[in-house]
Amino acid sequence: MHQDEKKLTKATIIMGSKLDPFDSLMETSTYSWERIKQYCSNETFMQGPISVIDYYNELRKRVNEAGPSDMHDSILKLTSVFDSAVIYDESPLDFIRKSVEGCVSSGSIVNTPLVKFIRGTIWGSTDPDCNDFFVFQYDPQGYMSTAPSGKLLRPAVVWPGEEFRQSKYDFEKGLQESDIIVFIGVDLNNHFYDGIANFLVTNNKKEVIFINDDENSFGEFTKRQLNKYTVYNKLTPSMIENVKNECELILNEE
């Protein structure tokens, strides 16, 4: 096939929330992520809202000061292999967007991926009438602020373990249109992914790749189903670099 006639290759990359560096950002005697999970909920917020908002304001400050991690940079470099790529980001801290901005400004990636979000981020509302899920807000929040919809007396954050609704139809349509799908650190036990094993079986892809370091993260996938795909049990930047090289080989063989 002539180079000008080559089919454009589209990839979908799904990033799990475990890629956010909570521990390195907030691991102090006052701001331990494990500690915040003990009292960061609707009920405990009403009992002590100041400590919860103080925590998130400190987290906003530290995220704003921190540079993107090597993991996020490696994921963005992976996207440059494809003609187009969409990243579905489950993480709260929005590091992938910081990586996009940094890589584009430095010229280290050619393609700018479209960033979408499967679940909510640290700035969003659980109000079912609120369909706009904003990404990480760096400005500090006042003690009397409400959620973005203005209907809930709670901080505009995601509680640990809290999820937001996402159009499964739109998500699966994106997967259907993709040639290559890469799952990175994704917990497929989440109900959002119910039925995805059968969906992938009935929608043949050029390549489906799983990168994770948790053998219990595959949800409904059976070992027989996983044997059809490429599965890596190490979640590191170098592993993502290997996947990038693998994808380049696949595409060059066409």
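Residue indices begin at 1 and follow the sequence shown.
You'll find the side chain of Asn212 stays beyond 4.5 Å of the side chain of Leu188, heavy atoms only. Using a 4.5 Å cut-off on side-chain heavy atoms (C-beta onward), Val182 and Ile75 make no contact. Residues Asp89 and Leu19 are not in side-chain contact: their nearest non-hydrogen atoms beyond the backbone lie 4.5 Å or more apart. Within the 4.5 Å cutoff, the side chain of Ile196 has heavy atoms near those of the Phe221 side chain. Taking 4.5 Å as the limit, some side-chain heavy atom of Phe199 sits within range of a side-chain heavy atom of Gln176.
Distance CD1/Ile181 to CG/Leu175: 4.5 Å, rounded to 0.5 Å. With rounding to the nearest 0.5 Å, the separation of CZ in Phe183 from CE in Met15 is 14.0 Å. To the nearest 0.5 Å, the span separating OG on Ser238 from CE on Met71 amounts to 8.5 Å. Once rounded to the nearest 0.5 Å, the distance linking NE2 of His191 with CG of Asn189 reads 9.0 Å. Taken from OG1 in Thr12 to CG in Asp179, the straight-line distance is 9.0 Å, to the nearest 0.5 Å. Thr230 OG1 to Asn242 CG: the interatomic distance, rounded to the nearest 0.5 Å, is 12.0 Å.
Closest heavy-atom contact between Thr9 and Phe82: O-CB, 3.7 Å. The minimum heavy-atom distance linking Ile14 with Tyr193 is given by the pair CG2-OH, 3.5 Å. A pairwise comparison of heavy atoms in Leu78 and Lys244 identifies CD1-CA, 3.6 Å as the closest pair. Nearest heavy atom pair, residue Glu177 against residue Lys205, reads N-NZ, 4.2 Å. Residues Val231 and Leu226 come closest through the heavy atom pair CG2-O, 3.9 Å. Contact detail for Ala197 and Glu220: the closest heavy-atom pair is N-OE2, 3.0 Å.
Judged by distance alone, with hydrogens and angles left aside, the side-chain atoms of Glu248 form no donor-acceptor pair with the main-chain N or O of Val81 at under 3.5 Å. Listed for the Asp83 side chain is no donor-acceptor partner under 3.5 Å among the backbone atoms of Lys10. A donor-acceptor pair under 3.5 Å is absent between the side-chain atoms of Glu241 and the main chain of Ser74, judged by distance alone.
Within a 6.0 Å radius of CG in Asn233, no more than 12 heavy atoms belonging to other residues, nucleotides or ligands are found. Residue Glu215 places its CD atom among 12 or fewer non-hydrogen atoms of other residues, nucleotides or ligands, all under 6.0 Å distant.
Ring-plane geometry between Tyr88 and Phe171 is classed as perpendicular, the angle between the planes exceeding 60 degrees on a 0 to 90 degree scale with a lower cut at 30.
If you run side-chain contact (heavy atoms from CB on, under 4.5 Å) between Tyr232 and each of Ile184, Ile240, Ile209, Asp213, only Ile209 comes through.
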